[in-house]
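Below is one structure, written out as structure tokens; comments come after it.
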Protein chains: 2
Amino acid sequence: MDPVNERRSDCPISLSLEVFGDRWTLLVIRDLMFKNRRQFRDFLRAEEGIASNVLADRLRRLTDAGIVTKTQHLTDARRSIYRLTQKGVELAPILIEIVLWAARHERTAAPAEELAQLRDDRAHVIASIRNAHVGEPETPT
Amino acid sequence: MDPVNERRSDCPISLSLEVFGDRWTLLVIRDLMFKNRRQFRDFLRAEEGIASNVLADRLRRLTDAGIVTKTQHLTDARRSIYRLTQKGVELAPILIEIVLWAARHERTAAPAEELAQLRDDRAHVIASIRNAHVGEPETPT
DNA sequence: CAGGATCCGTTTCGATACTG
DNA sequence: CAGTATCGAAACGGATCCTG
């Protein structure tokens, strides 16, 4: 057998199941990362139809895990703004690989142009995600 | 705002939630990919303690999805051998990114040496995974 | 009105025991 | 050894209520 596999064969690999073992958690991260959603109601409008109690729970877990931050809207005190932390932004390579895999193997609605950008200009995509979250103290809309 | 984000803002991104929304599914794939597990009992011995009915269900779903194949052991008819298909092998980049992210952000038990290999010699790692699954009709042990 | 919390019927999950 | 049957526990979805 290949020595690479040999050596790896009993490796205790961590998969961060808190994040990846849950359907809704992943969808929230996707919405933050690729759809620029920032407020509670934005996530509620996700195509997949998340319930408000489930959403609140996942946002709390993500902030507890240091993946998301919650701040107040500057002018409207009612609104909360959710953003990815640096740790959260660094999930981008994973999400990108998932999207590319899904595009290759399942029929997906993602336009070919955007997929090509994810594949060929990964660094730029990630930089712009970071810019929209970590580097942006201002509030959208 | 960055035009990259602008354009991506309403993209219907598919995440293959059948695979990634579930904790046990991901663990089974990890065991196939990094721990060379092939038989039902091997997966049962996972540190995380999967139940037999859950394991049977997840293996069935994965074979239905074309990610795993199930064949009979050549000499012992009772035994089933599970392997990744090409589609399954192509999940490797995702798993690798997850492991690397977890190693950076959570305390993980994975040895530094193996992590470095995952990071720096990705092509070789993936090739050896493919070799151990798609290219190997023989049965282990 | 936005962001949640609470209650509750229903579905899904998973631990254990059991079978071919 | 490789699964299935059973059944209690947990999660989910949906409605509604609450609070600033």
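Protein chains get the first letters and strands the later ones, always in sequence-line order, with residue 1 at the start of each.
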Within the structure shown, what part of the strands sits under 4.0 Å from A:Arg60 by heavy-atom distance: base, sugar-phosphate, or nothing? sugar-phosphate
Proximal nucleotide (of D:dG13, C:dG3, D:dA2) relative to the A:Ser80 side chain: C:dG3
So, do B:Val68 and B:Val28 sit near enough that their side-chain heavy atoms are less than 4.5 Å apart? no
Reckon B:Phe43 touches a base, only the sugar-phosphate, or nothing at all at heavy-atom distances under 4.0 Å? nothing
Assign each of A:Asp42 and B:Ala51 to its nearest nucleotide of DNA chain C by heavy atoms, then name whichever residue's nucleotide is nearer the 5' end. A:Asp42
Looking across every strand, which nucleic acid part, if any, lies under 4.0 Å from A:Ala56 by heavy atom: base, sugar-phosphate, or nothing? sugar-phosphate
Tell me the interatomic distance from B:Leu44, atom CG, to D:dG3, atom P, rounded to whole angstroms. 10 Å
So, OP1 or OP2 of C:dT12: does either fall under 4.0 Å of a side-chain N or O from B:Arg23? no
Would one find a side-chain N or O of A:Lys70 under 4.0 angstrom from OP1 or OP2 of C:dG4? yes
Has A:Gln39 got a side-chain N or O lying under 4.0 Å from the OP1 or OP2 atom of C:dG3? yes
Compare side-chain N and O positions of B:Arg78 against OP1 and OP2 of D:dG3 and report whether any pair is under 4.0 Å apart. no
Mind checking whether B:Ile94 and A:Phe20 have side chains closer than 4.5 Å, heavy atoms only? no
If we only count heavy atoms from C-beta on, is the A:Leu84 to A:Val134 side-chain gap below 4.5 Å? no
Considering only heavy atoms and no angle criterion, is a donor-acceptor pair shorter than 3.5 Å present between the side chain of B:Ser52 and the base of D:dA2? no
With a 4.0 Å cutoff (strictly under), does any side-chain N or O of B:Tyr82 reach OP1 or OP2 of D:dG3? yes
Describe the nucleic acid contact of A:Asp22 in one word from base, sugar-phosphate, nothing, applying a heavy-atom distance below 4.0 Å. sugar-phosphate
From CG of A:Asn53 over to C1' of D:dC17, roughly how many Å is that when rounded to an integer? 13 Å
Confirm from the modelled atom types if B:Arg79 and D:dC1 form a donor-acceptor pair under 3.5 Å, side chain to base only. no
Under 3.5 Å side-chain donor-acceptor pair for B:Glu90 and B:Gln86: yes
Between the side chains of A:His73 and A:Arg38, does any donor sit under 3.5 Å from an acceptor? no
Any side-chain N or O of A:Trp24 under 4.0 Å from OP1/OP2 of D:dA11? no
